[in-house]
Peer 1: 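Have a look at this one before I ask anything.
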Amino acid sequence: MIDAIKFIDYVNFIKEALINKGVSNFWAETINLVIVLVLITLVAYVLDRVLRKIIIKAFDVFSVKTTTTFDDFLVQSKFSRYFAHIIPLLFLKGLVPLVLTDFPFLLRSFNDVINIYAVVLFVKIIRSFVRSTQRYLRTIERYKDKPLESYAQVVMIFLWGLSLFFIVYQITGRDILSFATLGAASAVILLIFKDTILGFVASIQVSVNDIVRIGDWIVYSKFGADGTVTDINLATVRVQNWDNTFTTIPTYSLISDSFQNWRGMQESGGRRIKRAILIKQSSIKFLKVNEIEDLKKIHLVSEYLERKYNEITEHNKKIGADKSVLINGRNLTNFGVFRKYLDAYLAQNSNVSKDLFSMVRQLAPTSKGIPLEIYCFSSNKEWANYEAILSDIFDHIIAAIPYFDLEVFEEPTGKDLNAFVKQIQK
């Protein structure tokens, strides 16, 4: 503990020496005060530099030897550097008021400055700790996809708010709310921090309702976002699109507007394939016996054709259908057999998930033909592999269509029209 009386006697030796030399009391006190303050400031500066190097070095060595990574994040966020400023601050807080005892105005000003600095330093230390905690939790599997930055920002906004109240009180000696009514202050806060408040509420709802996680693939057409969520904070959600560009989305829009989240697909057993091919309606027909025999050579439908042909023949005999006219009784069509072929093809395709729903269906006829839709799920969900599987399936379908005497509908091209004109001219 510093003996205040002895310390004042020590720091006044310049003043006494100057008075003995005939300098006036005012100038002697002023020169003595300036010199002493400069000396204390220099000592505090040297103390700060030395302690900072020692504490930072000790902290670095300690973080290397420990098994946890939390202290490594403390080092990265400069926690030890901010912490090292505490001792020089206490040094100034203890000595300078003793020197300024006879200077009330300077003493009040010093106390205001040192207290404000202490508040700012305290907030920086807490901010460093909060950031380190956020980064550390990000390394834990169950917290990787949580909007931790939003919570860290809420803590810091709260701390800076309290600090602002304290700083205003330190400078003016009055509570900040004495300048205006509580309602007016609330209105100003709501106006300034509108996006922050909305983002905070949205962050809580996003987390509680598990709407979006970091790493989710979302499509948000309104903002042109189509990619992976890389960051969620109070104000924005950052999305890295498939072309490696970035799109920022207001956090509160996640609960006010509609968007598509592909997490369900990523967590399921497959990725959906839902695409149709147009079949020319005039190519659909009843199958004759010889045509059925030819189609039996196709392995995937041979058993079906054998069983179905016997069943239909039995039925037609039972009702006495006159098969000299093909439309009478029950019949097989090339389109129906082709659908069964595709069912069997998808069932034996190793790239199509067997645990999820699969179907080949005929949609309502259109002016461009009858849509034949394939609905199934790719067992591989990775984008490039998925596209390759989908292409392979439809390559096979298009190549298989002529075997069933069917045609794919296509709009006439210039070449088709020229051939038609030449045919007429002949």
Side-chain angles (χ1 to χ4, degrees), residues 69-70 72-79 82 123-161 189-268 271-272 380-387:
T69 57
F70 180 71
D72 297 329
F73 291 119
L74 286 175
V75 172
Q76 294 176 14
S77 60
K78 301 180 181 180
F79 179 83
Y82 295 135
V123 172
K124 285 187 174 183
I125 291 173
I126 297 299
R127 183 185 64 182
S128 175
F129 182 81
V130 169
R131 285 180 176 177
S132 301
T133 304
Q134 174 195 337
R135 293 170 182 170
Y136 173 72
L137 291 176
R138 190 68 73 202
T139 63
I140 301 175
E141 188 64 32
R142 59 179 174 174
Y143 295 114
K144 280 185 177 180
D145 54 3
K146 298 297 185 291
L148 299 175
E149 188 172 344
S150 297
Y151 304 137
Q153 288 177 335
V154 170
V155 172
M156 292 314 304
I157 289 173
F158 179 73
L159 278 177
W160 281 115
I189 291 173
L190 289 174
L191 179 64
I192 296 175
F193 297 105
K194 176 180 74 70
D195 290 340
T196 302
I197 294 171
L198 289 173
F200 173 57
V201 174
S203 294
I204 294 176
Q205 292 189 359
V206 164
S207 179
V208 172
N209 297 325
D210 201 19
I211 297 172
V212 176
R213 303 176 190 167
I214 293 176
D216 282 356
W217 169 19
I218 67 171
V219 177
Y220 208 146
S221 302
K222 179 179 178 180
F223 295 97
D226 184 1
T228 304
V229 176
T230 59
D231 186 39
I232 301 175
N233 57 47
L234 282 181
T236 59
V237 175
R238 196 165 186 244
V239 178
Q240 183 174 9
N241 299 312
W242 294 113
D243 56 359
N244 287 329
T245 59
F246 287 90
T247 301
T248 54
I249 301 170
T251 305
Y252 58 82
S253 68
L254 294 177
I255 60 174
S256 61
D257 293 325
S258 177
F259 65 97
Q260 187 176 19
N261 191 332
W262 287 82
R263 189 201 311 158
M265 179 276 294
Q266 293 171 327
E267 293 178 348
S268 69
R271 183 172 176 180
R272 190 184 71 173
N380 192 314
K381 295 173 285 185
E382 188 177 335
W383 190 15
N385 295 335
Y386 163 81
E387 292 292 346

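Quick note: numbers below take in every heavy atom, side chains included, and nothing from hydrogens, waters or symmetry partners.
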Peer 1: With a 4.5 Å cut-off on side-chain heavy atoms, are Val239 and Phe246 touching?
Peer 2: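 Counting from C-beta outward, Phe246 and Val239 never come under 4.5 Å.
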Peer 1: Tell me, yes or no, whether the heavy-atom count around Arg238 atom CZ, taken from other residues, nucleotides or ligands under 6.0 Å, exceeds 12.
Peer 2: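 Not buried by this count: 12 neighbours or fewer within 6.0 Å.
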Peer 1: With side chains defined as the heavy atoms from C-beta onward, is the minimum distance between Arg131 and Phe79 less than 4.5 Å?
Peer 2: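 Counting from C-beta outward, Arg131 and Phe79 never come under 4.5 Å.
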Peer 1: What residues, two or more places apart in sequence or in another chain, satisfy side-chain contact (heavy atoms from CB on, under 4.5 Å) together with Ile126?
Peer 2: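 Listed in chain order: Phe122, Val130, Leu159.
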Peer 1: Are Asp226 and Trp217 side-chain neighbours, meaning at least one heavy-atom pair lies under 4.5 Å?
Peer 2: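 SC-SC contact between Asp226 and Trp217 confirmed.
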Peer 1: In the structure I gave you, are the side-chain heavy atoms of Tyr220 and Val237 within less than 4.5 Å of one another anywhere?
Peer 2: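 No. Closest side-chain heavy atoms not under 4.5 Å.
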Peer 1: Do side-chain atoms of Asp216 reach the backbone of Ile218 as a donor and acceptor pair under 3.5 angstrom?
Peer 2: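 Such a contact is absent between Asp216 side chain and Ile218 backbone.
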Peer 1: For a 4.5 angstrom cut-off between non-hydrogen side-chain atoms, does Phe129 reach Tyr82?
Peer 2: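 Phe129 does not reach Tyr82 side chain to side chain.
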Peer 1: State which residues pass side chain to side chain donor-acceptor pair (under 3.5 Å) with Ser253; sequence neighbours excluded, sorted by chain then number.
Peer 2: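 Ser253: no side chain to side chain donor-acceptor pair (under 3.5 Å) contacts found.
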Peer 1: I'd like to know whether NZ of Lys124 has more than 12 heavy-atom contacts from other residues, nucleotides or ligands below 6.0 angstrom.
Peer 2: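 12 or below, so no.
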Peer 1: Would you indicate whether the side-chain heavy atoms of Asn261 and Ile211 approach each other to under 4.5 Å?
Peer 2: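 No, every pair of side-chain atoms sits at 4.5 Å or beyond.
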Peer 1: Who pairs with Thr247 by side-chain contact (heavy atoms from CB on, under 4.5 Å), at least two apart in sequence or on another chain?
Peer 2: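 Expected list: Phe223, Ala225, Asn241, Ile249.
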